[in-house]
Number of protein chains: 2
Amino acid sequence: MHMNLESKVTINDIAKAVGVSKTTVSRYINGHSDMMSERTRERIRAVIEMTNYQPSDIARNLKRKNTNLIGVLIADMSTPFSSVLVVSISDYLSECGYVPIFANCNDSLQKEQEMIDSLLFRGVAGFLVNTTSCNNNYLIGVASRGIPIVLCDRYINHYNFNIVTFEQDAPFFNLVRHLKEEGYTRPVLFTQCWENNSSRRRRKDAILSAIQQVYGYDATEDVYLVSFQNGLSAAAQLDALLGRLKPGDIPAIIGTNSVTTVQTYKAIKSCGLKMPEQIGLCGPEDWNWQQEMNWAQLIEPTITTIDLPVRDLGRQSAECLVHMLKGETEGAREIMLPCGLNIRESTCRLHSQGDFG
Amino acid sequence: MHMNLESKVTINDIAKAVGVSKTTVSRYINGHSDMMSERTRERIRAVIEMTNYQPSDIARNLKRKNTNLIGVLIADMSTPFSSVLVVSISDYLSECGYVPIFANCNDSLQKEQEMIDSLLFRGVAGFLVNTTSCNNNYLIGVASRGIPIVLCDRYINHYNFNIVTFEQDAPFFNLVRHLKEEGYTRPVLFTQCWENNSSRRRRKDAILSAIQQVYGYDATEDVYLVSFQNGLSAAAQLDALLGRLKPGDIPAIIGTNSVTTVQTYKAIKSCGLKMPEQIGLCGPEDWNWQQEMNWAQLIEPTITTIDLPVRDLGRQSAECLVHMLKGETEGAREIMLPCGLNIRESTCRLHSQGDFG
DNA sequence: TTGTAAGCGTTATCAT
DNA sequence: ATGATAACGCTTACAA
């Protein structure tokens, strides 16, 4: 059975029932029972168990002037990426006795600051943030007051935050090399705006640098900005790309996130291009849903992806924050999570008959 | 600019600065400034604004013995359904000044009860629950202590909870009628286990009843249990179905959730059946992602779905709970949200040339 | 080994 | 119209 639901039992009740002062009970609760008579200890234990007493977090927090609340700021909660992140953060923090409070910032810097304020007044012990902006003085201000902050897959300029990100260079290098091996002569980028999104920007840079290394030229000209608002649809950009192709060019498009990649997939399909023969497509898979719903394996052809371990991202950043909260920090550092490469049909011109998972 | 980040200012500081007692300041904060001199009121206002003072939630909660915390229990946070739900609940509650605390129950009744306990001790003001079980005496116990609870798309037997669900009868009736019109002679159900999932059970019943009405027979025999664990894969069940078909039967499969439907899609594809000609497929779309990532429109053929307004579910149940918290309740009631029917290629045998969005 | 008492930042009950 | 003062449930010097 569970707690006595009738009336909230307090430390006073326990003390009275046992016949000791509440100081003694408090000591017991907090594990300072070393210098306590075995008899007292046992009786307190018994009564606490019987009554199913649990100390009030609220009173505790008031006294200790700290809470076990963690503010978690998510740039845009409505993405598949975020939902995986949220689950993993939530699972780990509650394992450790912390309570995550999630705040959806809707990609608005202003909303983000409001949330920070509100969470601060609520007394959160630290922040886990997948922030909206690259230049976030407000967050820097909070950090420099000594409030523990860990960044999830985001950079902020001019300040050394603890940070957990995905490894970019190696996987994108491998991907680009694969594209070359498959005979694609023109690797290009389709990306949403990277202005205020540090991880998008880093990804773009990593890809350009991989192309530089593998193909030996600067592909900056082949970065296509995709947007879902102002006419820069994937379809429009695909048209633009096709128009700029030289004779003999075989293009391969790298999307910088799953939405862009999916939109590009649709565009390629509807203009009748043969994939992977005439054009290749690939992108990161920021979306570790149950295998049962994996779009990249559902559609035809299946899509080559770089596998971002979003669950790990959540867990590791939460772990890192918990370390900081316990004062076990050793200076700002960056954790880079290794990413896998899932080669699938959409980029395999040569062995189209191959064995794809 | 934002709050003074230097030191937490308390009601005492304000009182001292203004030169009044903290009682007066407290009155001001809580809007009991009716019988207060204009002068005092104004001076308090000014100092509060200057210092950016905000009363401590913790102290407040301790004193008032209630909090603005809402426990939100989610059966399985890792589903697309849940992630949409979480966002909408979060958005609405924080609009109203409440703080949602999400708990992932991992489909475990035990975990759910632990979470309830922990949240109760933490002092949550109420619960929003998408619970695991149909028979949840523990939850009933909590409810009968007067703690406000609203159920999201879930039923619990033997107790009248406030509840928000999806309308089932009309949309499934329309769907089944559509199947008949398209010439499918054998509507069948593919569903995961409904034992402990009240909404799955209700959906199954609604579909069977629709078949009864439209086709005039009881299709209980054509309910196929799909599982991702013990050999009852969608592929295996599809085999079973095909084996039981009579000459001339044209089957249409109705999945009870998106995962089942997607798995069935894969199975149909890999056994080479022509869809929609030889077999139909449809299911609910419990997954209102950005339109950009909608699987049902991404794959070929596109899939006919019943559109469950998950965002509305979250918002309405949160609204309902807030009403209860404010004491504006008028007895237990059920809100049924209307669902749309998206007819797409996968069930259109007759007008396969038709215009599908 | 245990207890007393002060205080965390509020609100609420009396007074004045 | 405003102020003392006592809680709320807990922790922590300091005492004993």
Side-chain angles (χ1 to χ4, degrees), chain A residues 3-4 7-45 47-48 51-69 97 118 120-125, chain B residues 3-4 7-45 47-48 51-69 97 118 120-125:
Chain A
M3 63 177 286
N4 171 9
S7 60
K8 279 240 153 101
V9 21
T10 77
I11 198 172
N12 274 311
D13 302 326
I14 305 295
K16 220 166 288 175
V18 178
V20 293
S21 78
K22 55 183 181 171
T23 308
T24 306
V25 178
S26 173
R27 285 198 186 100
Y28 175 88
I29 296 168
N30 295 293
H32 306 312
S33 51
D34 337 331
M35 350 229 93
M36 193 149 71
S37 79
E38 181 52 49
R39 190 158 157 278
T40 313
R41 196 197 338 259
E42 172 51 25
R43 277 165 52 206
I44 295 179
R45 198 203 53 70
V47 175
I48 285 183
T51 54
N52 222 305
Y53 163 74
Q54 286 234 351
S56 146
D57 258 333
I58 305 175
R60 229 171 201 194
N61 290 337
L62 178 58
K63 184 63 197 172
R64 290 179 173 164
K65 300 230 223 173
N66 78 333
T67 66
N68 48 11
L69 267 32
S118 134
L120 238 26
F121 285 122
R122 198 149 266 134
V124 296
Chain B
M3 65 179 283
N4 171 8
S7 60
K8 278 234 152 104
V9 22
T10 77
I11 198 174
N12 274 310
D13 302 326
I14 305 296
K16 218 166 294 175
V18 177
V20 293
S21 77
K22 53 186 183 171
T23 307
T24 305
V25 178
S26 175
R27 282 198 188 100
Y28 175 88
I29 296 167
N30 295 292
H32 304 314
S33 50
D34 337 332
M35 350 228 95
M36 195 152 71
S37 79
E38 181 51 52
R39 191 159 157 276
T40 312
R41 194 195 341 256
E42 172 50 24
R43 276 165 54 207
I44 295 180
R45 198 205 51 71
V47 175
I48 286 184
T51 56
N52 223 305
Y53 162 76
Q54 287 236 346
S56 144
D57 258 333
I58 305 175
R60 229 168 202 197
N61 290 337
L62 177 60
K63 183 64 195 173
R64 292 178 171 164
K65 300 230 226 175
N66 79 334
T67 67
N68 49 9
L69 266 32
S118 134
L120 238 25
F121 284 122
R122 197 149 268 134
V124 295

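Here is the naming used below: chain letters follow the sequence lines, and residue numbers restart at 1 for every chain. Predicted, not measured: the structure shown is a model, and the values here were computed from it.
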Worksheet item: Does anything in residues 10-36 of chain B pair up under salt bridge (Lys or Arg N to Asp or Glu O under 4.0 Å), and if so which pairs, sequence neighbours excluded?
Response: none
Worksheet item: How would you list all residue pairs meeting salt bridge (Lys or Arg N to Asp or Glu O under 4.0 Å) that involve residues 51-64 of chain A, not counting sequence neighbours?
Response: A:Asp57-B:Arg122
Worksheet item: In residues 55-64 of chain A, which ones come under 4.0 Å of DNA chain C, going by heavy atoms?
Response: A:Leu62, A:Lys63
Worksheet, complete the sentence: Residues of residues 20-33 of chain A with a heavy atom under 4.0 Å from any atom of DNA chain C, listed by number, are A:Val20, A:Ser21, A:Thr23, A:Thr24, A:Arg27
[X] versus [Y]: any side-chain heavy-atom pair under 4.5 Å?
{"X": "A:Ile14", "Y": "A:Tyr28", "value": "no"}
{"X": "A:Ile58", "Y": "A:Leu62", "value": "no"}
{"X": "B:Val18", "Y": "B:Val25", "value": "no"}
{"X": "A:Ile11", "Y": "A:Ile29", "value": "yes"}

Give the rounded distance in Å between these two atoms: [atom1] of [X] and [atom2] of [N].
{"X": "A:Asp34", "N": "C:dT2", "atom1": "CG", "atom2": "P", "value": "12 Å"}
{"X": "B:Gln54", "N": "C:dT10", "atom1": "CD", "atom2": "C1'", "value": "14 Å"}
{"X": "A:Met36", "N": "C:dG3", "atom1": "CE", "atom2": "P", "value": "10 Å"}

Response to the item:
The side-chain contact (heavy atoms from CB on, under 4.5 Å) partners of B:Ala17 (sequence neighbours excluded) come to B:Val47
Discussion item. Show the nearest heavy-atom pair for residues A:Thr40 and A:Thr24, with the distance to one decimal.
Written reply: CG2-CG2, 4.0 Å
Worksheet entry | DNA chain D: 5'-most and 3'-most nucleotides touching chain B, 4.0 angstrom heavy-atom criterion | D:dA1 to D:dG9
Discussion item. Using only atom types and a distance under 3.5 Å, with no angle test, would you say the side chain of B:Ser33 pairs donor to acceptor with the backbone of B:Arg41?
Written reply: no
Worksheet item: After noting the C-alpha distance and the side-chain angles of A:Arg45 and A:Glu42, does the key distance pass the salt bridge (Lys or Arg N to Asp or Glu O under 4.0 Å) rule?
Response: CA-CA 5 Å; A:Arg45 198 203 53 70; A:Glu42 172 51 25; 2.9 Å; yes
